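Read the structure below first, then the notes.
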Amino acid sequence: MTSILWFKRDLRLDDHPALDRVISFDEPILCLYIVEPDLWQQPDASFRQYRFLEESLGDLRQSLQQRGAELVMRTGDAVAVLDELVGRHGCMRLVSHEETGNGWTYARDKRVAEWARGRGLPWIEVPQCGVVRRIVGRNGWQSARDDFMTQPPAHPPVRIKTMATASDPLPKAADLGLSPDGICLTQRGGRAAGVERLSSFLQHRGQHYRRAMSSPLEGAEACSRLSPHLAFGTLSVREAVQATRDHQSKGRKGGWSGALKSFQARLAWRDHFIQKLEDQPEIEHHCLHPAYEGLRPLEPDAARLKAWEGGETGLPFVDACMRSLRATGWLNFRMRAMVMSVASYHLWLDWRATGQHLARMFTDYEPGIHWSQVQMQSGTTGMNTIRIYNPVKQGLDQDPTGTFTRRWLPELAQVPDRFLQEPWKWEGAGKLLGRSYPEPIVDVQSAARAARDAVWAVRKSDGFHPVAKRIVQKHASRKAPRRRAARGPSRPRHADQMSFDF
DNA sequence: AGTGCAGTTGACTTT
DNA sequence: TAAAGTCAACTGCAC
């Protein structure tokens, strides 16, 4: 008798609670990965993500082989694949991790659950991160996550006894309808690359994390770059949390303590946001606060959408970010917030269309984080005050030397530094704008003002606040109340603790 | 030397 | 991890 271990977004053997569980049954394991063509047809799926998956699966297969084990790969509908395998091999149970994915994987999992019930086959799903399934409200969430992160991870045994069966070759991206999407500077997938990113971050790259993470140039090295590994599960969040904790306990100096604390906070926020999608999968498709539904045209202005996607808005810093994203599959947090903000406010584009483009462009696309952030930066949550980024100011603040902007906008080579973020103010703009580089698609000031007024009008409308209050009840992060010092002034809180409201 | 004043800075508020 | 506006305190300078 065998159990099926269904690998999903958990492409590793270390700290793999589902593997640990299935091993406890002491039966041969059918290690399965299902390539689902329909999943890769979804509007949030892309070539670059599939490429990362290919590399990660190759690594996983090798790790299994080193333990005398086989990875069975099948291409097709999950229920059909599982049904065929169970029929042929008489499997006893299905074991996997809980997945908090997009609406498509949620629906697929419901079909799998229904199929398993019908066959009388137990499907054991276990958590692999701090997200808590079927939690009511957010009370106790933080301590549940802390407990999970404190548990010692299981290490895979030296030998894993698997059951081999016919395996499909991994489809080529083109076979799934995925064509190259402009990625040219890839981040390598697979467990080995993930482990390397983690250790190099903790050894040296992360030292100036706090200062450098918002810079589009320095951030590429100073940020951990673990995001695609966490998204595909080549590393577990717990591994990252515990490795960071180990370094924190060494009490390193030289800015490290701030960096590591800050990084831990982000790892926690990661689970916090994924929990939102777990609790309310509709946030992928509907405004969290319904009063914002219909505020922007649901069918976005095609020319504006195309200009934004292609890095041709005429706003240099936005264009540099969008072109860099297309080429690398990554942007730092602040730049993601800015490009989304510009799309939603200045360009007045509905978040669903722009969010799908960004989802495809992000190699590290993680639905829970993504749609929470997309709605936050579009002001449709009703929970926090709207944040309209000024792309000119961001360019001046985050790219003061202009190096990043110039790297991605070679056509601005002739523009003097002081006009780089606002080339339309340069007296020589005439020979540039409308020829090699577009005129700004909107006026930054007036577009921002119009958007702000429109959003505030919704906030002031009848019935807005009672609904907003209910949303806060459901979603707001609850921190343990700070114990008040017996006397003396309270320490000022660091921004880390104040940010990310929703 | 003290006063007036334009310009700057920073804390705080509003949108 | 917003930005703009407001206001009071401060600064440097002319007289």
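Quantities reported herein were computed from a predicted structural model and do not represent experimental measurements. Labels below follow one simple rule: chain letters A, B, ... track the order of the sequence lines, proteins then strands, and each chain is numbered from 1.
Rounding to whole angstrom units, CZ of residue A:Arg459 and C1' of B:dT14 are separated by 12 Å. Distance, A:Ile386 CD1 to C:dA4 C1': 12 Å, rounded to whole Å. Atom CG in A:Asn384 sits about 18 Å away from atom P in B:dT15, given to the nearest Å. Across the protein-nucleic acid pair, A:Phe317 atom CZ and C:dA2 atom C1' stand 15 Å apart, rounded to whole Å. Protein atom CG of A:Asn390 is 10 Å distant from nucleotide atom C1' of C:dA4, rounded to whole Å. Taking atom CH2 of A:Trp456 as the reference point, atom P of C:dA4 lies 16 Å away to the nearest angstrom.
The side-chain tip of A:Arg459 points at the ring of A:Trp456 from less than 6.0 angstrom away and within 45° of straight on. Figure legend: A:Arg266 and A:Phe333 shown without cation-pi pairing, the cationic atom not lying both under 6.0 angstrom from the six-membered ring centre and within 45 degrees of its axis.
A:Gln187 and A:Arg225 are linked by a side-chain donor-acceptor pair at a separation below 3.5 angstrom, with hydrogens and angles left out of the test.
Within the 4.0 Å cut-off from OP1 or OP2 of C:dA2, not a single side-chain nitrogen or oxygen of A:Gln377 is found.
Taking 4.5 Å as the limit, every side-chain heavy atom of A:Gln377 sits out of range of all side-chain heavy atoms of A:Tyr345.
Across B:dT15, C:dA4, C:dA2, the shortest atom-to-atom separation from the side chain of A:Tyr389 is found for C:dA2.
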